[in-house]
Amino acid sequence: HRSSLIVAGLPESLTHAADTFLLSNAIRDLRGDADRPRAMLVNVSRYKAVQRQVHDLLSQAVAATRAAVELHYAEAGTHHTVIRRIQLRFEAEYATTGVTWPEVLQQLPKAISDVRVRLFNSDTDKRLEEQDEHWERPARMIAVGGDVLSRGLTLEGLCVSYFYRRVTASDTLTQMARWFGYRDGYQDLCRIWINAESADNYRFATDSIEE
């Protein structure tokens, strides 16, 4: 796409990924990891104007989900559309992780109350440098960005990743693969959304390295 792209809305797959990240927070809390950081990566464009639009839309979506959960999670037998959507995501991704949906639902409001969506790009980097400030990295964060993320910004506790990048150079691919580091205690919760072409490029790079 071009830098002038107008992002009219979020694809369903990104909504699924964000819901999965919210669920992973609740499950990690239930496992006793409440004090450990966790993150989600969203890297879908190298254009800052597009990144900003994705950031704004995702911030609104997460806020709406958080509000719906807080208002309706305690309703017995609730069939609220957002609650039901998240339940279906739990059943699709995490039904075999050793916790039940009622347990996760009760933990969810507290687990996602501090989740923040943050934009990381060169404009943000420059502004922070001018103001002699540092990155604000919430303990529970969805990071939206492009090249700054591709250069290897550390996202501690990375659990869910959603990216669409047309990259074929093996050195760039392996640099991006550094996102997926240590996952002690939550490896079974990690999920990635990636297109088939990028997955094939990763396989080719892996085969080359092993050879």
Side-chain angles (χ1 to χ4, degrees), residues 7 10 14-45 48 50-71 73 82 86 89-90 93-94 104-163 176 178-187 189-193:
V7 183
L10 299 179
L14 184 49
T15 299
H16 287 168
D19 287 346
T20 300
F21 176 66
L22 298 180
L23 285 164
S24 73
N25 278 270
I27 296 173
R28 290 193 64 185
D29 285 357
L30 289 169
R31 290 179 175 180
D33 290 340
D35 295 333
R36 300 181 66 183
R38 62 285 305 264
M40 173 180 172
L41 166 74
V42 179
N43 187 350
V44 294
S45 175
K48 290 177 286 188
V50 177
Q51 294 166 15
R52 167 61 67 179
Q53 294 176 74
V54 173
H55 167 272
D56 293 347
L57 288 169
L58 190 55
S59 295
Q60 295 168 16
V62 170
T65 299
R66 184 189 298 115
V69 168
E70 291 175 349
L71 288 172
Y73 83 99
V82 172
I86 297 175
R89 185 55 24 199
F90 171 80
E93 301 290 347
Y94 294 145
V104 171
L105 182 58
Q106 291 303 306
Q107 185 65 36
L108 201 55
K110 182 179 180 181
I112 69 176
S113 62
D114 291 331
V115 171
R116 297 293 179 264
V117 183
R118 290 290 181 263
L119 179 65
F120 294 95
N121 60 31
S122 56
D123 282 349
T124 313
D125 211 353
K126 182 179 179 181
R127 176 179 57 79
L128 291 170
E129 183 177 330
E130 290 173 348
Q131 298 175 1
D132 194 25
E133 296 180 0
H134 301 286
W135 292 106
E136 180 191 355
R137 301 191 189 184
R140 304 183 182 203
M141 173 179 65
I142 299 176
V144 180
D147 291 341
V148 169
L149 292 175
S150 297
R151 288 200 299 268
L153 177 71
T154 299
L155 297 176
E156 194 170 357
L158 181 63
C159 188
V160 174
S161 299
Y162 184 101
F163 69 98
M176 286 205 260
R178 293 193 302 114
W179 289 326
F180 313 106
Y182 302 103
R183 303 177 298 276
D184 293 344
Y186 63 95
Q187 183 170 352
L189 304 182
C190 292
R191 297 291 184 272
I192 179 172
W193 274 255

Determine all donor-acceptor pairs shorter than 3.5 Å in which one atom belongs to a side chain in residues 58-69; sequence neighbours excluded.
residue	atom	partner	partner atom	Å
Ser59	OG	His55	O	2.8
Thr65	OG1	Ala61	O	3.0
Thr65	OG1	Arg85	NH2	3.0
Arg66	NE	Ile112	O	3.2
Arg66	NH2	Val115	O	2.6

| request: Please round to the nearest 0.5 Å and tell me the distance separating atom CZ of Phe90 and atom CD1 of Ile27. | output: 5.5 Å
| message | Which residues pass the side chain to side chain donor-acceptor pair (under 3.5 Å) test with Ser24, not counting sequence neighbours? | response | none
| query | Are any non-hydrogen side-chain atoms of Leu108 and Tyr73 less than 4.5 angstrom apart? | reply | no
| task | Could you tell me the separation between the CD1 atom of Ile142 and the CG atom of Leu119, rounded to the nearest 0.5 Å? | result | 13.0 Å
| request: Please name the pair of heavy atoms, one in Asn43 and one in Gly145, separated by the smallest distance, quoted to 0.1 Å. | output: OD1-O, 3.2 Å
| query | Sub-3.5 Å donor-acceptor pair from the side chain of Gln51 to the main-chain atoms of Val144, do we have one? | reply | no
| request: Output the distance between atom OG1 (Thr20) and atom CD1 (Ile86), rounded to the nearest 0.5 Å. | output: 10.0 Å
| query | Picking from Val160, Asp33, Leu158, what satisfies side-chain contact (heavy atoms from CB on, under 4.5 Å) with Arg38? | reply | Asp33
| Check: Glu93 main-chain N/O paired with Arg191 side-chain donor or acceptor under 3.5 Å | yes
| Gap separating the OG1 atom of Thr15 from the OH atom of Tyr162, nearest 0.5 angstrom | 8.5 Å
| Gap separating the CE atom of Met141 from the CZ atom of Arg116, nearest 0.5 angstrom | 12.5 Å
| Can you find a pair of side-chain heavy atoms, one from Trp193 and one from Leu14, that are under 4.5 Å apart? | no
| task | Could you list the residues that satisfy ring pair (Phe, Tyr, Trp, His ring centres under 6.0 Å) with Phe21, not counting sequence neighbours? | result | none
| remark: By salt bridge (Lys or Arg N to Asp or Glu O under 4.0 Å), Asp56 pairs with (sequence neighbours left out) Arg52
| task | Step through the shown structure and confirm whether more than 12 heavy atoms of other residues, nucleotides or ligands are within 6.0 Å of CD on Glu156. | result | no
| said: Could you work out, with side chain to side chain donor-acceptor pair (under 3.5 Å) as the rule, every residue matching Arg31, not counting sequence neighbours? | reply: Asp188
| Test side-chain contact (heavy atoms from CB on, under 4.5 Å) applied to Asp29 and Lys110, step by step | CA-CA 9 Å; Asp29 285 357; Lys110 182 179 180 181; 5.5 Å; no
| At their closest point, which heavy atom of Ala34 faces which heavy atom of Arg140, and how far apart are they? | O-NH2, 3.0 Å
| task | Could you pull out all residues at least two apart from Gln107 that satisfy side chain to side chain donor-acceptor pair (under 3.5 Å)? | result | none
